[in-house]
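Atoms considered below: every heavy atom in the structure, side chains included; atoms not considered: hydrogens, waters and symmetry mates.
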Amino acid sequence: MNKLNKDNFKQDSYKHGFVTDIESEKIPKGLNEEIVKIISQKKNEPDWMLEWRLKAFKRLEAMKKPEWANVKFDDIDFQDIYYYSSPKGFEDKPKSLDEVDPKLIETYEKLGIPLNEQKVLAGVAVDAVFDSVSVATTFKEKLNEMGVIFCPISEAVQKHPELVKKYLGSVIPITDHFYATLNSAVFSDGSFVYVPKGVKCPMELSTYFRINESETGQFERTLIIADEGSYVSYLEGCTAPMRDENQLHAANVELIALDNAEIKYSTVQNWYPGDENGKGGIYNFVTKRGLCKGKNSKISWTQIETGSAITWKYPSCILRGDNSIGEFYSVAITNNYQQADTGTKMIHLGKNTKSKIISKGISAGKSSNTYRGLVKFNRKAKNAKNITQCDSLLVGDRCSANTIPLTENNCNSSSIEHEATTSKISDEQLFYCMQRGLDAEEAQSLIVNGFCKEVLQKLPMEFAVEAQKLVSISLEGSVG
Amino acid sequence: MLNISKLEVSVEDNKILKGLDLSIGSGEVHAIMGPNGSGKSTIAHTLAGNPNYTIESGNVLFKEKDLLSLDPSERSLEGLFLAFQYPIELPGVSNASYLKQIVNVHRKYKGKDPIDASEFLKILKEKSSNLNIPIDMHSRFVNTGFSGGEKKKNEVLQMDLLNPDLVIMDETDSGLDVDALRQTSEAVNQLRSSNRSFIIITHYLRLLEYIEPDYVHVFQDGKIIQSGGKELANKIDTEGYAT
């Protein structure tokens, strides 16, 4: 009965699997106090930053790795990873693009991210992170005119210590959990954004993360602060070369929205997913959390997760300010042997807080895809509301989808609406589209894009088309 | 145009077509009538290549090609169009972008460039107004939440956009009120030409009052048991299928 739905795989679908041949400087492998000190030294950090890292490292030594997720992988040998790698000559950061190795510029051009300000997408500023360092940030000056700070976090530590000291670790404390604490100890680069009071950031800010070196982990740290009445939309993209080994990416992202501020954070995650037999690929263990600190503030997460061998993340919102709003829109696609355990946490602390969760999971091949979410209403969260909608779509019959929505309601006046569906792409739908001339893959991609529509349309316009293509590409070969 | 010979088809081990023979020339309109549940729709879905229908024996030539060896999309690209009795919903897919995409795959097959967006909109407006389709229907999702009439009109619109050589209409009249029936029939009549053939599958005479067939076939027990001209349809209407 399932003659239109086949699930063999073509191996040409990962378009970003190349390696840039560039000399890099790595510090020795391994994880110990000395390594933490070297990283801090490499970044020329002030003492308070080093102390913060060391505190995290001390804590880490006493921590256990979490093992409750619905994902399977061999033990990671944390002593067998390079924690810092940078293209040669980046100790003295180049002042302008002219000084950046052309190979790096070329790499980003190949990935479709031109760094030359004349060529970039209109209205999008980019911070390009290559392994452990930020290699270029565009439109910095222009943003500066409005008081918007957009720079590598290592630069923020130097130039804006008061902001970093105040907010770093304020949403994800160094005691949080194993991978988050690991990041706090060894984080290398990432982006820092501060939008001052009343400013609507005039362009999309984005960071493009690229892993290039083998046996290297990437531990980026992103911190975004939207001051009172401000607005910012931020997007991150991620790719890595095709390799047989698994590489760890353990990032921490903290967002802080003060009174009446809004942060829109979008992710298009396309790390190398491994091959058709499940060999290689990135372990994407990421902690993302936003704090709606002020009243009427809003944080909105949108994620398109198509890559990585394992995706394990729950971009969350702590709704502390009264009337604050948290949103989570997610598309997670798994194919072949990919595994995803992803979702969100909405923690309602303030009065009249609202949250909305729309999750679309698509599994194909022999993959496993879990939505896991927590909606929690604190005792004081009067009249808080949550709407959750989780839809799973199965392609073929060898994959699995799970939905684990947890709720914890400590407040009588709050309400939760929950809807969940699981469906298969029907043969009728495929046949209908094919009767109009689409081939099986075109038909599937049309149907899947329709399934994801609600989420895809939340992306900034500049990236929506790209994401739509990515959705199609990542399922390539899952129908015959 | 189309030559079906000794076609036997089963669905889930039940034999539905038991030796169907039918020849259709260019520009001809053939009506296939039969009682409910006689398997008329099996003819339509088999010709369009629905994988749920298993060919047991027989062969079909379409424009001198072995139709049964083509997959459903190749049959479409070669000019075979099936207007579904129950058009399928595609949630999240806007009707306009869907229509444009199917037009473009057909253009690509013919070696033409994709259609220009403004030109497409112009054609879409013109053809929609022929069918009395409000233009805002195209910003809704394909067939999703459409009324019976809207779905059927959307089928005829797709037929109009794709310029097929052979059209199979599966119970297109079901679920249509009198006005909608007249509008769709008029649109279909405008599409009649000397190089386009039609197979109209219907239970009732009423569609054939609007779209006048050249031949009428009575389908029962898996095969055609009687063929004739238009007058045969009238006879069935008064006397019923029972023989």
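Listed here is the closest heavy atom pair of A:Gly437 and B:Ser76: N-OG, 3.0 Å.
No more than 12 heavy atoms of other residues, nucleotides or ligands sit less than 6.0 Å from atom OH of B:Tyr86. Within a 6.0 Å radius of CD in B:Glu64, other residues, nucleotides and ligands contribute 12 heavy atoms or fewer. Within 6.0 Å of atom NZ in B:Lys125, 12 or fewer heavy atoms from other residues, nucleotides or ligands are found, so the atom counts as exposed in its surroundings. Other residues, nucleotides and ligands contribute only 12 or fewer heavy atoms inside 6.0 Å of the NZ atom of A:Lys345. Counting non-hydrogen atoms of neighbouring residues, nucleotides and ligands closer than 6.0 angstrom, the CD atom of A:Gln457 exceeds 12 such neighbours.
Side-chain contact between B:Glu74 and A:Asp439 is absent, with no heavy atoms from C-beta onward closer than 4.5 Å. Side-chain atoms of A:Leu446 and B:Leu90, non-hydrogen and from C-beta on, do get closer than 4.5 Å to each other.
Interatomic distance, A:Gln435 CD to B:Asn50 CG, rounded to the nearest 0.5 Å: 10.0 Å. The CE atom of A:Met434 sits 4.5 Å away from the CG atom of B:Asp71 when rounded to the nearest 0.5 Å. The CD1 atom of B:Ile88 sits 9.5 Å away from the SG atom of A:Cys433 when rounded to the nearest 0.5 Å. Here the straight-line distance linking atom CD of A:Glu442 with atom CG of B:Asn104 works out to 10.5 Å at 0.5 Å rounding. Rounded to the nearest 0.5 angstrom, A:Arg436 CZ and B:Leu77 CG are separated by 12.5 Å. Here CG of A:Asn449 is found 9.5 Å from OG of B:Ser97. Values are rounded to the nearest 0.5 Å.
Taking the six-membered ring wherever Trp is involved, the centroid distance between the rings of A:Phe431 and B:Phe84 falls below 6.0 Å.
Only the backbone of B:Glu89 comes within contact range of chain A, with at least one heavy atom under 4.5 Å from a heavy atom of that chain. Of the atoms belonging to B:Pro164, not a single heavy atom falls under 4.5 Å from chain A. For chain A, the nearby part of B:Phe141 is the side chain; its heavy atoms alone come within less than 4.5 Å. For B:Leu82, the parts lying near chain A are the backbone and the side chain together; criterion is any non-hydrogen pair under 4.5 Å.
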key: Derivation and outcome, side-chain contact (heavy atoms from CB on, under 4.5 Å), residues A:Ile447 and B:Val93   = CA-CA 7 Å; A:Ile447 296 162; B:Val93 179; 5.9 Å; no

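Taking the six-membered ring for Trp and thresholds of 30 and 60 degrees, A:Tyr432 and B:Tyr98 have nearly parallel ring planes, at less than 30 degrees apart.
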